[in-house]
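Worksheet: one structure, shown below.
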Amino acid sequence: MDIPAAPKVTAAFYIQAAASFVVALLGLAAGIFYLPVGGWIRAFLGLGLAYVVTSAFTLAKTIRDAQEVGTVVRRVDQARIDKFINEHDPFKTPS
């Protein structure tokens, strides 16, 4: 019983995700910059944008870390089960 390997991220997917992030960030930043409002409102919206971006990175890192911990625990449990199965001899008589 093996744990399935985690799918690998291809270079194309990584480039697409990065490009999508950059386009969204620059589009929203340009929208805030050209918004016909005062400087204080633009600054507030820009600060909100920065907060959302940093929060998104933090959330993604937290989810990734939680997933990695689960993977390590499953691997340790699998190694214990494999060791037990390999050491078990059903024909050995109890002494």
Side-chain angles (χ1 to χ4, degrees):
M1 175 182 234
D2 290 332
I3 297 173
K8 302 293 181 194
V9 176
T10 62
F13 180 77
Y14 181 77
I15 291 169
Q16 179 185 0
S20 174
F21 174 76
V22 168
V23 167
L25 184 64
L26 291 177
L28 189 54
I32 291 172
F33 181 75
Y34 289 111
L35 196 63
V37 293
W40 282 104
I41 296 175
R42 271 197 204 110
F44 177 77
L45 292 174
L47 190 59
L49 174 62
Y51 181 66
V52 167
V53 169
T54 57
S55 297
F57 281 123
T58 302
L59 177 62
K61 182 184 179 313
T62 303
I63 291 171
R64 183 201 64 204
D65 291 348
Q67 183 179 11
E68 285 178 356
V69 166
T71 302
V72 170
V73 169
R74 284 191 301 270
R75 285 185 183 169
V76 169
D77 288 343
Q78 185 64 41
R80 287 180 183 157
I81 291 170
D82 289 344
K83 180 181 175 191
F84 177 74
I85 290 172
N86 288 334
E87 292 175 353
H88 178 68
D89 184 6
F91 300 110
K92 181 179 177 182
T93 57
S95 48

Considering only distance and modelled atom types, tabulate donor-acceptor pairs under 3.5 Å from the side chains of residues 10-38, sequence neighbours left out.
| from | atom 1 | to | atom 2 | distance (Å) |
| --- | --- | --- | --- | --- |
| T10 | OG1 | F13 | N | 3.2 |

Nearest 0.5 Å please: distance from the CZ atom of F57 over to the OG1 atom of T62. 13.0 Å

Going from CD1 on I81 to CG on N86, what distance comes out if it is rounded to the nearest 0.5 angstrom? 12.0 Å

Using side-chain heavy atoms (C-beta onward) and a distance below 4.5 Å, is L49 in contact with L45?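 Not touching, per the 4.5 Å side-chain cut-off.
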
With sequence neighbours excluded, residues passing side-chain contact (heavy atoms from CB on, under 4.5 Å) with K61: R64, D65

Got a sec, which hydrophobics cluster with L47, joining ILVMFWY side chains under 4.5 Å apart, including via others? none

